[in-house]
Amino acid sequence: MWILYAFGSALFAGITSILAKCGIKKTDSHVATALRTIIVLIFSWLMVFIVQSQNQISTISNKTWLFLILSGFATGASWLCYFKALQLGDVNKVVPIDKSSTILTMILAFIFLKEEMTLLKGVCVILIGIGTYMMIDQKESTSANHHKSWLIYALLSAIFASLTSILGKVGMQNIDSNLGTAICTVVVLFMSWVVVFVTHKQHTLKEIDHHELLFICLSGIATGLSWLCYYRALQLGLASIVVPIDKLSIVVTIIFSYVVFHERLNKKSFIGLMSMIVGTLLMII
């Protein structure tokens with residue numbers, strides 16, 4: 001069952017990237033992140049009350065609180081970097097780098113969670129790494145606004161996403177995953193709005209296009225669904241397998257980026273994508 005949750009997470013995460021890209025053409029990425037987090041927060045706490053896990057709050061240990069809060073900060077940092085990278089670069093370049101967090105997650109899971117690192121998993125890491133490199137090593141950018149800084153933001157997004165997975169795995173061990181997700185979202189909301197006010201972007205709220213606001217809200221709903229599936233899968237399964245499955249969202253993103261933004265993959269990038277998919281699927285075996 002946890003594998004199905006992991007695939008559900010991948011589907012909604014893939015849709016999230018496209019919806020978010022549509023919502024940040026003119027809107028500042030930090031403001032968009034803060035707004036969509038409100039939607040995720042409402043959605044996540046709604047699920048808490050539906051499954052009636054709010055009563056567990058008083059029983060949460062200090063250790064669990066610590067790791068949930070740290071996971072929330074890591075998630076917030078990852079989101080802020082990811083959507084800034086999406087705003088500056090092509091979806092087909094940003095997403096593969098973000099999904100390469102699988103490699104670091106597996107290493108951290110082996111070191112801190114004592115999850116087994118087999119020869120097959122080692123081969124999978126190599127395939128994912130090669131695939132990621134081939135997808136981002138393109139001579140030309142299809143983006144109208146070509147910025148080198150997107151690469152830095154994308155790399156930071158991957159690093160923080162890896163930390164989110166490990167911290168979330170520890171924090172979700174003794175509580176309902178829906179409640180854990182909701183608590184993490186509170187931290188993300190606080191962090192994202194602090195960034196908005198620190199960067200003095202709050203005045204742009206009244207200038208947001210209504211169509212972009214709709215896409216931002218839809219991306220928040222998709223994110224909420226992805227999170228609920230993801231943390232449930234983490235709670236029930238192995239982080240070193242759940243995370244790779246979640247990263248298959250790249251397939252969904254690539255398909256929609258072609259349909260919506262007309263971003264095409266060259267031959268080298270397509271081979272890289274296949275390498276990432278094969279590496280991920282082998283890891284599930």
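Leu119 and Ile126 are members of different hydrophobic clusters when ILVMFWY side chains are connected at heavy-atom separations under 4.5 Å.
Partners of Glu115 according to the side chain to side chain donor-acceptor pair (under 3.5 Å) rule, which considers only residues two or more places apart in sequence or in another chain, are Ser240. Listed by chain and number, the residues in a side chain to side chain donor-acceptor pair (under 3.5 Å) with Ser257 are Asn92 (sequence neighbours excluded). Evaluation of the side-chain contact (heavy atoms from CB on, under 4.5 Å) rule for Ile208 yields Thr27, Val31, Leu35, Leu205, Leu213 as partners, not counting sequence neighbours.
With Arg36 as the fixed residue, the side chain to side chain contact (heavy atoms under 4.5 Å, CB included) test singles out one of Ile216, Leu41, Leu189, Ile24: Ile216.
With no hydrogens or angles considered, no side-chain donor-acceptor pair links Thr181 and Asn178 at under 3.5 Å.
With hydrogens and angles disregarded, a donor-acceptor distance shorter than 3.5 Å links the side chain of Ser44 to the backbone of Val40. A donor-acceptor pair under 3.5 Å is absent between the side-chain atoms of Ser78 and the main chain of Ala74, judged by distance alone. The backbone N or O of Gln235 sits nowhere less than 3.5 Å from a side-chain atom of Gln173 that would complete a donor-acceptor pair.
At least one side-chain heavy atom of Met135 sits less than 4.5 Å from a side-chain heavy atom of Ile250. Here the side chains of Ile241 and Trp2 are in contact, with some heavy-atom distance below 4.5 Å. With a 4.5 Å cut-off on side-chain heavy atoms, Trp45 and Val186 count as touching. The shortest distance between side-chain heavy atoms of Gln52 and Gln54 falls below 4.5 Å. Between Ser149 and Leu88, some side-chain heavy-atom pair lies under the 4.5 Å cut-off. With a 4.5 Å cut-off on side-chain heavy atoms, Met47 and Ile50 count as touching. Taking the side chain as every heavy atom from C-beta outward, Phe261 and Ile18 approach each other to under 4.5 Å. By the 4.5 Å heavy-atom criterion applied to side chains, Leu68 and Ser71 are not counted as neighbours.
The line from CG of Leu19 to OG of Ser219 is 6.0 Å long, rounded to the nearest 0.5 Å. Separation of atoms NZ (Lys121) and OG1 (Thr118) is listed at 5.5 Å; rounding is to 0.5 Å. Note: Thr253 OG1 to Leu248 CG = 11.0 Å, rounded to the nearest 0.5 Å. Expressed to the nearest 0.5 Å, how far SG of Cys22 lies from CG of Leu218 amounts to 9.5 Å. Taken to the nearest 0.5 Å, the CD1 atom of Ile60 stands 12.5 Å off from the CG atom of Leu66. Summarising the geometry, atom NE2 belonging to His203 is positioned 9.0 Å from atom CG belonging to Asp28; distances are rounded to the nearest 0.5 Å.
Alongside Val194, the hydrophobic cluster contains Phe190, Val198 (criterion: ILVMFWY side chains under 4.5 Å).
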**Asked** Taking it one step at a time, do Lys268 and Ile271 satisfy side chain to side chain contact (heavy atoms under 4.5 Å, CB included)?
**Response** CA-CA 5 Å; Lys268 183 178 181 182; Ile271 295 175; 5.8 Å; no
- Task: Go through Thr185 and Phe43 one step at a time and tell me if the side chain to side chain contact (heavy atoms under 4.5 Å, CB included) criterion holds.
- Result: CA-CA 10 Å; Thr185 309; Phe43 195 90; over 6 Å; no
CA sep, side-chain torsions, deciding dist, call: Lys93, Trp150, side chain to side chain contact (heavy atoms under 4.5 Å, CB included):
CA-CA 9 Å; Lys93 285 188 173 185; Trp150 69 265; 3.5 Å; yes
Please report the C-alpha distance between Met276 and Leu127 in whole Å, then the side-chain angles of each, then the deciding distance to 0.1 Å, and finally whether the side chain to side chain contact (heavy atoms under 4.5 Å, CB included) criterion is met.
-> CA-CA 6 Å; Met276 291 186 70; Leu127 287 173; over 6 Å; no
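What you find for Leu86 and Lys21 is that their closest heavy atoms are O-NZ, 2.5 Å. Between Ala158 and Ser100, the closest heavy-atom pair is CB-OG, 4.3 Å. Nearest heavy-atom pair, Ser192 versus Ala34, reported as atom, atom and distance to 0.1 Å: OG-CA, 3.6 Å. The nearest pair of heavy atoms linking Ile111 to Lys114 is O-NZ, 3.4 Å. The nearest pair of heavy atoms linking Ser249 to Ala10 is CB-O, 2.8 Å. Of all the heavy atoms in Val125 and Met106, the pair that sits closest is CG2-SD, 3.6 Å.
Sequence neighbours left out, the pairs with a member in residues 58-99 that pass ring pair (Phe, Tyr, Trp, His ring centres under 6.0 Å) are Trp79-Trp227.
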Indicate every side-chain donor-acceptor pair of residues 163-172 with a distance under 3.5 Å to a residue at least two apart or in another chain.
residue: Thr164; atom: OG1; partner: Thr75; partner atom: N; Å: 3.1
residue: Thr164; atom: OG1; partner: Thr75; partner atom: OG1; Å: 3.4
residue: Thr164; atom: OG1; partner: Phe160; partner atom: O; Å: 2.9
residue: Ser165; atom: OG; partner: Ala161; partner atom: O; Å: 3.2
residue: Ser165; atom: OG; partner: Tyr230; partner atom: OH; Å: 2.6
residue: Lys169; atom: NZ; partner: Leu234; partner atom: O; Å: 2.8
residue: Lys169; atom: NZ; partner: Gly237; partner atom: O; Å: 2.7

